[in-house]
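Here is the naming used below: chain letters follow the sequence lines, and residue numbers restart at 1 for every chain.
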Amino acid sequence: MTNHWIDIQHSDVIMCIGSNPAENHPVSFKYIDKAKDNGGKLISVDPRFTRTSAKADMYAQLRPGTDIAFLGGMINYVLNNDLIHKEYVVNYTNAAFLISDDFEFNEGLFSGFDKGSSSYSKESWAYQKDENGMILRDDNLKDPRCVYQLMKKHYSRYTPEKVCDITGTDLNNYLQLVKTFCSTGRPDKSATIMYAMGTTQHTVGTQNVRSYAMLQLLLGNVGIAGGGINALRGESNVQGSTDYAILYHILPGYLKVPTHTNTDLQAYLKKWTPTTDDPQSANWWGNTPKYMVSLLKAYWGEAATAENDFCYDYLPKRSGNYSYIKLMERLQLGGFEGLINMGTNPIVGGPDVQQIAKGLDKLKWMVSVDLWETETSVFWRRPGADPKTIDTEVFLLPAASSIEKEGSISNSGRWAQWRYQAIKPVGDAKSDAAMLDMWVKELKKLYAEDGVFPGPITDLAWDYGHEEEPDIDKVARECNGFFTRDTEVKGKRFKKGEQVPSFAYLKDDGSTVSGNWLYCGSYTEKGNMMKRRGLEDPGGMGAYHNWSWCWPVNRRILYNRASVDLDGKSFNQQKPVISWNRATRKWEGDVPDGGWPPMNEPGTKSPFIMIPEGYGRLFAAGLADGPFPEHYEPVESPVDNCMTAQQCNPAAMIPADFFSDSDKYPYVGSTYRVTEHWQAGAMTRNLPWLVELVPDMFVEIGTTLAKAKGLKNGDMATITSARGAIEARVLVTPRIKPLVVSGKTVEQVGMIWHFGFNGLAKGSSANVLTAAVGDANTGIPESKAFLCDIRKGGMKS
Amino acid sequence: MSRATISGEPDAFLIDLTKCTGCRGCMVACKQWNQLPAEETDFFSGEGYQNPKEMSENTYTVIKFREFEKNGHSIFSFYKEMCMHCDDPACVSVCPVNAFHKTPEGPVIYDAKVCIGCRFCMIGCPFDVPKYEWSKKLPLVRKCDGCYSRIKADLKPACVTACPSAMEYGPRSQMVQIAEERLKRHPDHYINTIYGKDEAGGTSVLYLSSEPYEELRFPSVPERPLPSYTWPALRLVPGIFATVVTGLTALTLFNHRKERLERERNKEKEAEQQRTVQAEEDKS
Ligand code: SF4
Ligand code: SF4
């Protein structure tokens, strides 16, 4: 989230698209309700009419996988009707920047596409610069090569009629909604976008989010109270695990994982430390060396010295794409000997799960660490498998639940909150930290005995006590970081062992340790900031700066220096996030995005400090699939792309042997969650009180499809896709309606993905049907739009 | 100190259905606090995702789902059904052994120790709230007790505590005031009625809704307190009373009941321990 949960109350318009907060983030509704009480409008955009739609002031239906068309039309509307927040757009975004003459867009492809590798070379997606490296700009936004004009041209193709033809949205509904949302370009108005997996699980997932960001930048809605683009994290600590490098391509604090070409620390830092020629750009990632060296010091402690590149050689280098789909492909090829699942249930949660399950058959050993016996932990018992032919040795380790252990948890709003142990773990259950601690200690012993390359393991700085439960306080202290010797930074003296007060004091000379620079400030000499429970709210804006701690540096709203005009005065006087006090020459309110004076004063910096050029990117050259989001059909779609001849995202991750058949599988399928169950279901399908509420795997279809297929409420039906077949009870509902797309009626089939063959409540897994095709940038599978068929009767009938 | 002694008047629930998302946290919280077993359900037993079908001996509160079309728009609505804790309750007036009583704090509570299982309360209640333990050999009557033990401990009811958005709890006049303010501020948003304000002579559960109450299948009840109808009526049917009492041998009834109550009390002790832990948590 750029903002945070409580801040949603300040929104004048809230658009839930690709999310369903009433069902999947029920507590957030408290703040949506507050906004509504204050006159705010709630818009729900969803293929189905959900419990969120039920509470919305406006509802618009859209076909799964067509967000970019939907948003493209909104961008077009804003530009055509000149509804942008002009002062913001000119001064804080790259709208005025001139783009290389070589950049072009033709028939669905941006310049630089290479068919052979299905990827772009991005040289032409570049800014025009003068001889000093300064970007050329036209503040009148008139130059045909400026971002504003290129964008205007690009989205002029997204007329309301065309958009609704693609998305299946009712034209009047669409126009009304667009008008409401786009009225928030006024400085005193705000709108927020709440999104989740309905946005991201597409082959254009990243560009979906980009399209939201662009619209919000145009309306001046990023950085302000009640604004932003807010990712609703689907699990209570997903934010924390992402911050701490759960993804294959990042290290803690979003530092890049080195690739095999980054042969030494210098090469790595040269490659991944962005530079700028603009003195007004803070270019915060320019600090990469300090953060990286402090991280290496956290990993290898005293062994990491300037002489040995701080043990950079010990870090594994990646030589390819290790995203989920790729790992699972390799699993199926027998590419792994062993697998450890910690709180994950891939044969329910992954895409095309039957293939993943077959991959597990090839393992020599597998460990599952979980609260319950998950489907994955008993994969050899799955329907259709013959245990006699499976040799995998399986270990199920009982894990402690969240209330049985202590530690921090980071919510969607980036607040790291300390949580205490309420009860001791039941039976033999242990915390993840305890298990990892035991493993590492054992590995250290084994590597010391006869390891081939023991250094990375034996030199690991691993000192969290000798108890069975590691000292989690020590872990938190190390994540924040401390000084390794007496030293002076920025005129301040620090003693060896002292906690680093904030990442501004981290160094690249080995004098500081920090396990995650973003969390530097979370545990200072004043104590564990994540334990704070102060209820003061001086500005009355719900920022609660003394409640827990928020990264970065306790800043509650990101990009907040874009919430003020050039003099530092809040665009919205009623709801200021920060404002510049001329007398004290200090910012007041939230922790500002850097303490530099306002834009009209010397010594200032541009507000988007994480971007090397310092401006919000309407044109983003960094992505794999184009600088502007463009509508492509999902990999499996019932219709042709009516925008261009390019059917799908040309850079998407699609296996060579992928096939699909829209005649055999004519309906648009999608998956989702309900309030009553949780993820792959182990935590809820085993609880009688929740099973009572939703006892069966079910599929939702509209009344017309039900009639055509002779299906009644409660009937058993079989749903098939090119990947496999499942069965489910049918819920016939007027809340799901067919869509008219390019003149063709398209029926929808919606299903929950919580079920599996094991546990108290059992049922088919919807992910049997989903395809292992992935987003061009992240590789996230396209679970939210695929093709399927449905027929009456169970699988045996 | 209980809440009523502070405010000097009974507390009430205000359930704003325009803010209810049908998340059913309240149902689970109720089961947890009261340690009620889950019911065995099959698919869904009503419109939408409704389960269980209705209140029962093991389910003191149910979210009733409705889904239909109106003026070309989808309506998906959620109505939390529970004991209404009437100001002048029919169950209290018809109970021949005074097992029910209206507490000064608001909740209408029930004493299993004196209940003889006559089921007059079930006939008398206009909201169909008290449920009989048909599954048990020596059944008692069961219903929501407004979390009286929590109220006594100065906590709010479990369902209110769990609810993210739709429920308020406090002195009845205050709840009425909040409800009236909402009606005034957003007249286009609500049906201009506070259900429960006058129904059955006034109840301690008040509702606001954007849809007409009949469409959500709220029972339609007169505004006069129900005892004024039920008791005179039931009194005229002495047969009922006679049958209930003579149909069972009083002695066996009481012996069995004693055993059962002993067992219940042991269970209750365990549950109480659990509650104390939770109560401490809720307070902190
Ligand atoms: S007041 Fe208590 S007993 Fe009654 S419905 Fe709520 S949680 Fe259940
Ligand atoms: S907890 Fe509140 S919002 Fe959720 S169903 Fe119950 S009354 Fe409605």
Side-chain angles (χ1 to χ4, degrees), chain A residues 20-34 36-39 48-55 57 59 61 170 173 403 420 422-423 533 674-676 687-698 700 703 713-716 728-731 733-737 752 760-761, chain B residues 16-32 35-52 58-59 62-63 65-70 72-78 162-166 181-182 185-186 188-189 210-211 277-278 280-281 284:
Chain A
N20 180 4
E23 302 199 39
N24 299 326
H25 303 84
V27 178
S28 73
F29 236 75
K30 181 150 91 184
Y31 303 108
I32 295 180
D33 257 325
K34 274 200 177 169
K36 285 176 57 153
D37 285 347
N38 298 332
R48 300 175 300 142
F49 190 90
T50 65
R51 283 179 254 191
T52 300
S53 318
K55 302 285 118 181
D57 298 282
Y59 167 70
Q61 196 185 17
D170 176 83
N173 268 3
I403 57 167
Y420 300 86
I423 51 166
R533 293 296 181 266
V674 286
T675 321
E676 295 78 3
L687 290 186
W689 290 330
L690 296 170
V691 169
E692 166 192 85
L693 300 173
V694 178
D696 298 287
M697 169 63 192
F698 70 94
E700 291 183 304
T703 49
N713 210 34
D715 280 353
M716 189 58 102
R729 304 291 289 276
V730 178
L731 179 63
T733 168
R735 295 178 294 102
I736 292 204
K737 295 207 175 4
I752 52 171
L760 178 61
Chain B
D16 189 334
L17 298 178
T18 71
K19 293 175 185 287
C20 170
T21 57
C23 74
R24 301 197 276 189
C26 51
M27 289 178 66
V28 177
C30 178
K31 291 234 160 173
Q32 187 186 26
Q35 290 293 297
L36 297 169
E39 299 196 26
E40 209 155 294
T41 51
D42 175 48
F43 185 57
F44 297 118
S45 50
E47 289 175 32
Y49 308 139
Q50 183 164 330
N51 259 336
N58 292 323
T59 302
V62 146
I63 295 290
F65 283 70
R66 286 236 52 205
E67 51 173 39
F68 56 96
E69 299 263 290
K70 203 165 132 183
H73 291 290
S74 288
I75 305 282
F76 198 16
S77 69
F78 325 107
C163 178
S165 48
E181 272 163 23
R182 288 188 193 167
R185 268 191 77 182
H186 301 287
D188 46 332
H189 207 67
S210 57
E211 303 304 317
V277 173
Q278 204 186 326
E280 284 308 316
E281 253 173 46
S284 61

For [X] against [Y], the heavy-atom pair lying closest together:
X      : Y      : result
A:W689 : B:Q35  : CH2-NE2, 3.9 Å
B:A38  : A:P688 : CB-O, 3.3 Å
B:C23  : A:A22  : CB-O, 4.4 Å
A:A54  : B:F76  : CB-O, 3.3 Å

Separation of B:E47 CD from A:N713 CG (nearest 0.5 Å): 9.5 Å
NE2 (B:H189) and NZ (A:K36) are apart, to the nearest 0.5 Å, by 4.5 Å
Honestly, the part of A:L690 sitting under 4.5 Å from a heavy atom of chain B is side chain
Quick check on A:S28 against chain B: is it the side chain, the backbone, both or neither that has a heavy atom closer than 4.5 Å? neither
Checking heavy atoms, do the side chain of [X], its backbone, both or neither come under 4.5 Å from chain A?
X     : answer
B:E39 : both
B:T18 : backbone
B:L36 : backbone
B:F44 : side chain

With chain B, which of [options] has the greatest number of heavy-atom pairs at distances under 4.5 Å?
options              : value
A:T50, A:D33, A:V27  : A:D33
A:L687, A:D37, A:T52 : A:D37
A:K30, A:R51, A:K737 : A:R51

Would you check if [X] and [Y] make a side-chain contact, meaning some heavy-atom pair closer than 4.5 Å?
X      : Y      : value
A:F49  : B:E67  : no
B:S165 : A:K55  : no
B:R24  : A:V674 : no

Using atom types as modelled and distance alone, determine if a side-chain donor or acceptor of B:N51 lies under 3.5 Å from a backbone N or O of A:V694. no
Name all residues meeting the ring-ring contact (aromatic ring centres under 6.0 Å, His included) criterion together with A:F29; count only those two or more places apart in sequence or in a different chain, and write none if there are none. none
Check side-chain hydrogen bond (donor to acceptor under 3.5 Å, both in side chains) between B:R182 and all other residues, then give those that pass, not counting sequence neighbours. B:D16, B:E168
Which of B:V28, B:T59, B:D42 touches chain A most, by non-hydrogen pairs under 4.5 Å: B:D42
